[in-house]
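Below: one structure, written as structure tokens.
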Amino acid sequence: MLQIITAMYFRDVRLNETEHRRTLYTNATFPRHDRVDLPIGHLTPATEWATVNTVLATFTERLEAVLSDGSEDFMLSTGADAIVDDLAVVLSFALNATFTPVRATADRLIRPPSGLHHSPVPADILPRTFTPQLVLNDGDVDDLRSFMTNLLALNRGVYERAMRAMRRIVTASERVAEDPTLAYTDYVAALESLSADIEAPAPTWNRLDSRKRRLLDPALDALTADEAECVRTAILESERAGIKNRYTEFVLSHVRPSFFREEAVGLIRPVRRASLRRAVAKAYDARSKNLHELRELALGTWLLVGGAHTVTPPGESLMLTHEGLNGLARHVVRTYVQRGSTELDRAYQWRDHLPNVIRVQLAPQYYLGQAEAMRPTTAATRAGEFLVHLIEALAGREEFTVDMRPALGRIETLLATQRSPSVREPMLAIYLLWHRLLPSDVHQPASEKTMAIAVEELQRPSLYSFAAGILLGDSPPWSVDELCELAEQRYDELGSSRPVELPSRLDSALWICTAERLWSDGAHDLACAAIGRAVECSPGHEDLLALEREVGAGRDIDFDVRAFLLCLPPPAEAS
């Protein structure tokens with residue numbers, strides 16, 4: 001939201017402007033107790049030299065007052081909570097301090113170092129970030145302004161990635177005392193998220209994991225020089241694609257010389273350049289052990305390390321402490337922001353990212369009958385929604401309230417130009433069921449031609465011809481092989497990323513019909529397997545479980561598929 005309210009993505013239209021004031025709680029004390037001007041507003045210190053200080057944040061929220069169609073936008077303001085949350089993240093990150101709009105959070109985090117082994121506080125692990133009465137200087141404030149200016153000017157994609165990483169870094173720092181291992185993992189995850197789209201250079205053979213080299217070198221020695229080099233090249237290329245290598249190379253490529261010079265002044269055991277690669281890789285290994293093995297960091301790696309940036313636990317190699325990883329993560333993100341593209345993303349739809357707006361999918365009844373809702377790309381989806389509504393109406397659980405005639409007129413127009421069965425069949429199934437099951441006073445005028453086409457084309461095996469036939473009380477006229485092929489195709493489609501949404505009972509009904517035909521042909525084992533698939537399509541359905549037990553016991557399949565599809569009680573109960 002910080003970037004949106006700068007109006008960089010807005011059109012030249014009237015704006016709604018709302019001034020907000022919010023209190024932030026912090027451990028920082030600003031120089032001279034002056035107002036601090038920022039690119040999106042200003043901060044006014046309200047207290048100083050307290051354990052928890054208060055700062056008043058004032059900023060103006062700007063939103064377009066006119067929608068793209070020229071009408072007035074109903075949203076005057078988002079309420080500013082999301083804006084102040086983003087601002088607190090940026091301030092906490094840029095100043096390496098604590099800023100929060102929640103007083104209880106400030107009271108929990110901002111406490112003097114305790115030095116206790118059994119109940120450490122955050123300042124024991126990250127002294128600057130949480131120790132009360134952190135005195136900022138003019139350089140800190142100037143750096144904050146510069147950083148925010150660069151951040152807000154970024155391309156939207158770069159800005160969002162940077163904000164996500166900063167939020168994760170701030171979250172990591174806030175949980176260092178309550179869960180040090182998870183905090184360490186969060187620091188690594190923040191940097192890993194920025195490396196996701198980076199093309200890393202291939203490592204050299206000498207930098208390959210020594211354990212891998214010990215396994216590979218003897219085998220490579222048995223090859224000719226050219227063959228060995230070819231294999232090494234392939235192995236190094238595969239290593240480049242690895243997540244760990246990409247993460248390591250990204251971090252190292254974003255460490256500027258100042259990290260080892262000006263920024264290292266006054267630090268305790270800062271990491272050396274020669275040791276950085278190994279320390280970064282070891283931090284990633286700690287993250288992997290936590291995620292995959294639930295391994296916790298040893299106490300000696302984070303407790304009572306005296307603010308040092310590196311530590312060498314007994315029996316282990318040098319690694320970054322939380323303080324060291326915190327400093328490295330903030331430096332790398334700053335470099336990422338400094339180098340990020342500032343090209344304006346003109347395709348960015350900022351309204352889709354406003355907070356306090358809930359987007360919901362309308363019930364199909366509100367749009368199903370509209371002509372504009374029926375398109376070649378949506379025909380299958382509309383057919384599934386129509387079947388759900390029709391089944392509920394046929395079962396007597398609700399009235400059929402959708403006037404499909406505008407959509408039916410659209411279908412008549414589309415059929416003249418569409419040749420693909422995947423588009424024609426769902427539209428023809430809707431058209432056929434409407435005219436066969438609803439009274440004539442809602443039929444389309446001169447529908448005979450389209451009905452004849454529907455009857456002809458829905459003879460071919462398809463989900464839509466199967467659904468139409470079952471609802472009209474007809475058994476599938478296809479061979480057992482055609483039924484099996486259709487059922488298997490649909491089962492495979494359900495495992496795809498975006499299957500056509502149809503009632504789950506329809507999928508089960510297809511397998512039951514397939515099982516009946518297999519059983520009558522004597523393929524009892526295949527019929528039992530088909531019933532199992534029917535159960536999988538409608539998990540936990542008692543009628544299907546009973547049918548599965550009966551078929552397993554060798555009894556013939558006697559199942560009313562249409563009644564099952566409509567969720568009707570068996571005939572004995574219905575009477």
Side-chain angles (χ1 to χ4, degrees), residues 363-364 380-381 383-398 400 426 429 433 437 461-575:
T381 302
E385 295 165 345
F386 175 79
L387 288 172
V388 170
H389 194 47
L390 179 63
I391 287 171
E392 292 298 302
L394 292 175
R397 287 183 291 275
E398 63 180 49
F400 199 100
L433 289 170
L437 296 176
S462 76
L463 284 171
Y464 306 102
S465 53
F466 173 77
I470 293 298
L471 290 174
L472 294 174
D474 301 327
S475 298
W478 314 308
S479 68
V480 64
D481 289 339
E482 290 174 322
L483 264 176
C484 288
E485 182 178 2
L486 177 62
E488 289 289 354
Q489 287 177 349
R490 173 59 177 170
Y491 191 81
D492 291 341
E493 181 191 348
L494 288 174
S496 65
S497 59
R498 301 189 68 178
V500 175
E501 294 291 339
L502 295 172
S504 60
R505 285 171 175 262
L506 182 62
D507 291 314
S508 295
L510 176 58
W511 280 110
I512 293 170
C513 289
T514 303
E516 288 178 333
R517 298 292 294 276
L518 288 169
W519 188 273
S520 63
D521 283 4
H524 293 178
D525 290 342
L526 293 178
C528 290
I531 295 297
R533 289 284 179 86
V535 173
E536 293 174 9
C537 291
S538 299
H541 196 283
E542 294 182 356
D543 290 346
L544 293 180
L545 293 174
L547 177 63
E548 185 177 40
R549 289 191 294 269
E550 291 177 2
V551 172
R555 300 187 181 92
D556 290 340
I557 300 175
D558 183 15
F559 198 81
D560 190 337
V561 176
R562 187 175 187 275
F564 166 76
L565 184 59
L566 299 179
C567 307
L568 297 176
E573 295 181 14
S575 62

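Heavy atoms only: backbone and side chains are in, while hydrogens, waters and symmetry mates are out. Index from 1, following the sequence.
Here the CZ atom belonging to F400 is positioned 9.5 Å from the CG atom belonging to L437, to the nearest 0.5 angstrom. The OG atom of S465 sits 11.5 Å away from atom CG of D474, with the distance rounded to the nearest 0.5 Å. A distance of 10.0 Å separates CG of L494 from OG of S504, quoted to the nearest 0.5 Å. Separation of atoms OG (S508) and CZ (R533) is listed at 12.0 Å; rounding is to 0.5 Å. One finds the CG atom of L471 at 9.0 Å from the CZ atom of F466 (value rounded to the nearest 0.5 Å). Rounded to the nearest 0.5 angstrom, L510 CG and R505 CZ are separated by 15.5 Å.
Listed by chain and number, the residues in a side chain to side chain contact (heavy atoms under 4.5 Å, CB included) with E392 are R397, E398 (sequence neighbours excluded). T514 is linked by a side chain to side chain donor-acceptor pair (under 3.5 Å) to nothing, counting only residues two or more places apart in sequence or in another chain. Residues forming a side chain to side chain contact (heavy atoms under 4.5 Å, CB included) with P461 (at least two apart in sequence, or on another chain): W478, E482. For R490, the salt bridge (charged side-chain N to carboxylate O under 4.0 Å, His left out) partners two or more places apart in sequence, or in a different chain, are E493, D507. When the side chain to side chain contact (heavy atoms under 4.5 Å, CB included) test is applied to V388, the partners found at least two apart in sequence or on another chain are P503. Remark: E501 pairs with no residue by the salt bridge (charged side-chain N to carboxylate O under 4.0 Å, His left out) rule, at least two apart or across chains.
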Could you list the donor-acceptor pairs under 3.5 angstrom formed between side-chain atoms of residues 544-559 and any protein atom two or more places apart in sequence or on another chain?
from, atom 1, to, atom 2, distance (Å)
D556, OD1, W519, NE1, 2.8

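Side chains of L518 and L483 form no contact here, defined as non-hydrogen atoms less than 4.5 Å apart. Proximity of L506 to L463: side-chain heavy atoms (C-beta onward) are nowhere separated by under 4.5 Å. Within the 4.5 Å cutoff, the side chain of P426 has no heavy atoms near those of the V500 side chain.
Pairs passing the ring pair (Phe, Tyr, Trp, His ring centres under 6.0 Å) check and including a residue from residues 491-515, sequence neighbours excluded, do not occur. Annotation: ring pair (Phe, Tyr, Trp, His ring centres under 6.0 Å) contacts involving residues 532-558, sequence neighbours excluded, comprise H541-F564. Among residue pairs with one or both ends in residues 520-530, none qualify as salt bridge (charged side-chain N to carboxylate O under 4.0 Å, His left out); sequence neighbours excluded.
Annotation for I470 and C513: closest pair CD1-SG, 4.1 Å, computed over non-hydrogen atoms. Across L394 and R562, no two heavy atoms sit closer than the pair CD1-NH2, 4.4 Å.
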